[in-house]
Amino acid sequence: MKTLKPHRKIQGSLSLPGDKSISHRAALLALMCGEPVRTHNYSDGADCASSLKAVEALGCKVEQDGANTLLILPAETLTTETAKIDCGNSGTTARLLAGILSGLDITAEISGDESLSQRPMKRIVEPLRELGARFKSVADGESDKEPSSLPLAILGGAHGDIEYRMPVASAQVKSAILFAACAGGGQAAIIEDVRTRDHSERMLQHFGATIETQHPRVELKEDERDPRKKTRTVLDDWKLRIVVKGNGKLSGGDVDIPGDISTAAFFFAAAAIGKGEVTIENLGLNPTRTAFLDHLKAIGCEVHVENRVTISEEPRGTVTVKGGKLKGRKISGALAAQLIDEIPIVAVMACFAEGATLIRDVAELRVKECDRLEALIENLRLIGAKVGSVEEDGIVIEAKGEMQPADFVSHDDHRIAMALSIASLFLAGESTIDNAECVAVSCPRFYEMLDSIKH
Ligand code: S3P
């Protein structure tokens, strides 16, 4: 139980640990690399430690190489015994690893904590089976059933090809398929109707894979009636197609990991609500991840970006956010998918804005570390906000006078705990939150960093 005191003046500069998604990929892809992977600024969160433990369990060595650098050394031969891998709370470890091991023909049993054991795995099992992978459920009494959740046994076999149109916007599913094809020597072509984070594509490119992101073909024809005009016809029925051709090997090399923009969102939100100013240097600015910065601008904040540079295929820069008078906004469709990890803090900001914030198309929030939609409705009602669910996949939030302190329920979900901790800075008294330590899943030094920008 942590006590959270109100605090209104927010100002300061921060430098954040490495992006969680990029860190996972650097560790897990080391399983396929011929040379060491040297990471700079690897995430210090428990989730990314699960990926490191997994590759160690399979035979790689992980060494500290200076203050903020890790050396992940390839295994001479990856383990041939059935490895038992506990992915903890980390869905990214479980899903991406399942893809790689299926292609490498390594048998393993992967499990997770109570929350991860309830999260859907059918979404990776189905496309990986299409590539040839075999799985077995290892839950009590279910050994012959097709697994739809952890624990599950991976039995290898993913050496075929696949053409797959993503039924749900998920970078984890996309990455599991891309990694399986890379490891298993097949070809995967993935169509994304809603674009998701592209760190896997960038890192595969960085490690020498044969990967291409295609855009639809366009035909320009002269207009018969007016030769000065051209008619434009799109020849394909998709917007983005990612094609990878695997051969089981990647090069490896250095990966410099920028600060995590999904963690930055909490500190920027504190500046936004408190009309303060926060600067974060070396922050990841991959365009598939920056929807939160656009959101801040759209609701009334100033956002300045400088020192833009791309290292290890990932853009980054120094970002300053200045808070202002916030207003509500409608979020749906592709925008909702791109903001998916930031919705908890977007919902908190909505409680301090003028007008309603309507968030639609976020059913995926129900299958994150907890049912984040329910957790938000429950907690934001406690502070006195007007909150309602919209059908099964949305939420509408409106401020109602001064927000009141509360005894928050984190549901052991790091992003719910961090979002409510930011809310508590602007309430009319002291609040509490249960199991605030769960922030360690992505940001163990969250409260220390937050203290450094409170004055
Ligand atoms: C992630 C993808 C997203 C995101 C998660 C990290 C990744 O999950 O919510 O925090 O690193 O690929 P989904 O693929 O389930 O949308």
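Computed from heavy atoms alone, side chains included, the values below leave out hydrogens, waters and symmetry copies. Whatever order the structure lists ligands and atoms in, that order sets their numbers, starting from 1.
- Taking a cutoff of 4.0 Å between a charged side-chain nitrogen and a carboxylate oxygen, Asp341 and Arg197 qualify as a salt bridge.
- Here Glu369 does not pair with Arg415 in a salt bridge; the nearest charged N to carboxylate O distance is not below 4.0 Å.
- When hydrogens are left out, the protein atom nearest atom 2 (C) of ligand 1 is Gln172 CG, 3.7 Å; that is the closest non-hydrogen contact.
- For Asp260 and Arg289, the salt-bridge test passes: some basic side-chain N is under 4.0 Å from an acidic carboxylate O.
- The shortest N/O to N/O separation between Ile340 and ligand 1 does not fall below 3.5 Å.
- In terms of the ring-ring contact (aromatic ring centres under 6.0 Å, His included) criterion, Phe292 has no residue partners (sequence neighbours excluded).
- For Lys368, the closest heavy-atom approach to ligand 1 falls below 4.0 Å.
- With a heavy-atom cut-off of 4.0 Å, His24 does not touch ligand 1 at all.
- Taking the charged nitrogens against the carboxylate oxygens, Arg195 and Asp198 do have a contact shorter than 4.0 Å, which makes a salt bridge.
- At under 3.5 Å, not a single nitrogen or oxygen of Arg197, backbone or side chain, sits near a nitrogen or oxygen of ligand 1.
- At under 3.5 Å, a nitrogen or oxygen of Ser170, whether backbone or side chain, sits near a nitrogen or oxygen of ligand 1.
- Side-chain contact between Val173 and Ile190 is absent, with no heavy-atom pair separated by less than 4.5 Å.
- Distance from atom 12 (O) of ligand 1 to its nearest protein heavy atom, with residue and atom name: Arg25 NH2, 2.6 Å.
- Of the inter-residue distances, the one linking Asn435 atom CG with Ile416 atom CD1 reads 13.5 Å to the nearest 0.5 angstrom.
- Between Arg119 and ligand 1, no N or O atom pair is found at a separation short of 3.5 Å.
- One finds no salt bridge joining Asp193 and Lys239 here, because no Lys/Arg side-chain nitrogen approaches an Asp/Glu carboxylate oxygen to under 4.0 Å.
- For the pair His199 and ligand 1, no heavy-atom separation below 4.0 Å is found.
- Checking only distances, Asp341 does come within under 3.5 Å of ligand 1, N or O to N or O.
- Considering backbone and side-chain atoms together, Ser21 places an N or O closer than 3.5 Å to an N or O of ligand 1.
- The contact set between ligand 1 and Thr92, taken as ligand atoms under 4.0 Å from a residue heavy atom, comprises 6 (C), 11 (O).
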